[in-house]
Amino acid sequence: DFSEAMFVFVNLSEHKKGLRKLGLLPDPDDKSTDVDEKLHAAFLSTKSAGQWRMLKNQTETIKSLAQTLKQVNVLPRASDSVYSVEEIYEAMKAYAEHCQLPFMRTFNGLRFRILRHIERRDPSMRKE
């Protein structure tokens, strides 16, 4: 889902800062095509260092999410269990539905929403 991928990309704090400096941070009311045009301009801009952060590798992300989902009793297994991507994804969907988070189709979209939700509830988890 390209629109969701753009949403996740734009909402990473480092990207927001860079896009804001370029005057290309999308507005909440922007359509997908507007966001696409702004990102395209940002990627081609000579005013940017061209350094964009990539998400952590999936193995690290799955371990982190499994720990979080176990803490909220969505993954009720022993602490030494290894989870498949599918098990994590299903638990993420259950957590998002239970917490009434906005619907997301992708793993990274759900990851973003869940982590943002947890950070808002627990100030000690905030990066800034």
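For this chain, numbers begin at 1 and follow the sequence in order.
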Return the minimal non-hydrogen interatomic distance between [X] and [Y], and the atom names on each side.
X	Y	answer
E4	G109	OE2-CA, 3.4 Å
M6	L39	CG-CD1, 3.7 Å
R116	N11	NH2-O, 3.5 Å
D30	K38	OD2-NZ, 2.7 Å

Got a sec, which pairs hit side chain to side chain donor-acceptor pair (under 3.5 Å) with one end in residues 17-26, sequence neighbours left out?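 Qualifying pairs, neighbours excluded: none.
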
State whether the side chain of D1 and the backbone N or O of S3 hold a donor-acceptor pair below 3.5 Å, judged by distance alone.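 Present.
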
The single option from T68, I88, V8, L65 passing side chain to side chain contact (heavy atoms under 4.5 Å, CB included) against R111: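 Between R111 and the candidates, side chain to side chain contact (heavy atoms under 4.5 Å, CB included) is satisfied uniquely by L65.
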
Are F43 and F9 an aromatic pair, judged by ring center distance below 6.0 Å?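 F9 vs F43: aromatic centres under 6.0 Å.
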
In terms of heavy-atom contacts, does CD of E97 have more than 12 from other residues, nucleotides or ligands at under 6.0 Å?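 Not more than 12 within 6.0 Å, no.
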
Any [X] side-chain heavy atom under 4.5 Å of [Y] side chain:
X	Y	answer
L12	K16	no
W52	L19	yes
H15	V10	no
Y95	N73	no

